[in-house]
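Counting starts at 1 for both ligands and their atoms, following the listed order.
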Amino acid sequence: MDHFTDRAGRLWAEDVDLTALAAAVGTPFYCYSSATLTRHFGVFRHALSGIASPDGEAPLIAYAVKANPNLSVIATLARLGAGADVVSGGELARAQAAGVPPERIVFSGVGKTRDEMAAALAAGIYQINVEGEAELFALSEVATALGTTAPVALRINPGVDAKTHAKISTGGFENKFGIPLHRAAAAYALAASLPGVRPVGVTAHIGSQLTDLAPLEATFALLGTLVRSLRAGGLAVARVDLGGGLGIPYRPGDPAPPTPADYGALVARATKGWDVRLLCEPGRLIVGNAGILVSRVVTVKPGSHAGGRSFVVVDAAMNDLLRPSLYGAWHHIRAVAPSGDTMVATVVGPVCETGDTFAEDRTIDSVATGDLVAFMSAGAYGATMASTYNSRPLVPEVLVDGAAWAVVRPREELAAQLARERFAPWLV
Ligand code: LLP
């Protein structure tokens with residue numbers, strides 16, 4: 001459920017009229033709803049509320065910053081008690097700047113540099129998720145040099161097919177992520193033997209936009225077996241990080257994906273008796289439907305011949321919202337002020353390649369030049385995957401809270417984009 005609703009025939013974000021907002025900030029722009037962020041975080045936390053560690057600690061919900069790293073989005077969630085799952089020095093800096101306490105920060109990622117390891121250790125974060133034996137040696141060296149010990153969870157590659165898009169599947173042996181399950185016990189023992197690391201647990205993340213809980217259930221079962229066998233071998237396991245991945249509804253009419261409550265019930269069932277502190281790393285579930293991309297129709301081009309394809313050209317493009325172009329992802333496209341009529345159109349941006357297509361031959365609300373359209377469910381992996389391809393400035397991000405709104409990232413100025421570059425000395 002989100003807080004983008006129709007009032008008096010127009011789309012609003014909470015108590016903000018998007019037509020007026022578009023006039024104020026210009027198009028295209030991303031718009032996020034605080035109430036939706038709050039609701040999604042609350043629903044997810046509630047779904048896990050029956051589960052506690054032996055010390056009575058609730059699961060740590062480490063929001064996957066990669067999904068939407070806007071400082072105000074992270075800060076909104078941090079105030080609700082969210083932690084942060086970060087995958088780079090940049091995301092670590094963002095989580096810190098947004099006020100996430102270090103004891104709620106987890107650092108994941110398959111290629112951490114020694115500088116990133118040092119930054120994580122200096123910040124005193126809760127846990128570093130290590131993805132390979134060589135990384136264990138490197139982290140141990142970095143920590144020892146800094147006179148500290150790194151709390152690590154080993155990311156296990158369970159060899160499970162997550163049944164999602166190939167580009168966002170991460171839990172198969174053909175994927176680059178994690179330590180293969182059959183090497184996990186040896187790697188954990190290795191971690192216990194190294195001076196600069198202290199193994200505290202295990203983790204797995206098998207993929208994103210999961211719409212079937214079965215692969216997660218299989219993964220959790222493998223983790224449970226691993227925890228028992230590590231303990232049987234005399235190794236302490238205090239935490240299990242279950243990763244993220246829960247999918248969201250994108251396409252009206254599609255079967256609803258499993259709910260957070262379904263997920264919570266699975267987690268409670270699968271982790272019964274583990275006696276660990278659980279961690280989760282949801283990203284898309286929290287922010288996906290809390291954001292939209294608002295764009296204006298630049299022109300409508302009729303088909304080349306009777307029955308030919310007609311194009312709606314909007315002022316947003318693949319550089320602003322890459323998912324349709326990169327994954328063939330579906331985003332629902334609607335008029336901000338629908339007339340009630342529909343048309344069949346191919347919705348494209350102005351970028352000079354055919355891949356700059358948001359929807360092909362789709363029935364959409366009828367729109368004409370100058371009308372506003374909204375790309376729904378664009379809060380996750382939207383603005384953060386944007387580029388300046390075709391020298392298009394990065395678009396603004398607006399956060400709404402009730403009737404209040406704020407530009408939380410202004411539109412990039414073209415002059416600033418140019419000023420980031422230097423002429424080679426022989427050209428001046
Ligand atoms: N934890 C780890 C270790 C991850 O790699 C990811 C996402 C998450 C948590 C959060 O997953 P979520 O709950 O958001 O599914 N750009 C793609 C999605 C890439 C996901 C990468 N990893 C897209 O637009 O669909």
Item to complete: Quick one: sort the Y263 and F220 rings into parallel, tilted or perpendicular, breaks at 30° and 60°.
Response: perpendicular
Worksheet entry | Side chains of M318 and E353 in contact at under 4.5 Å (non-hydrogen atoms) | yes
Worksheet item: Do S88 side-chain atoms and E91 backbone N/O form a donor-acceptor pair below 3.5 Å?
Response: yes
Practice prompt. Please answer whether the main-chain N or O of A67 pairs with a side-chain N or O of T384 as donor and acceptor at a distance below 3.5 Å.
Written response: no
Discussion item. Is it the case that atom CD in E413 sees more than 12 heavy atoms from other parts of the structure closer than 6.0 Å?
Written reply: no
Worksheet item: Do any N or O atoms from the side chain of N390 and from the backbone of C352 form a donor-acceptor pair under 3.5 angstrom?
Response: yes
Fill in: For ligand 1, the residues whose heavy atoms come within less than 4.0 Å (ordered by chain, then number)
A64, K66, D85, R155, I168, H205, S208, Q209, G244, G245, E281, P282, G283, R284, R323, Y327, Y381, M385
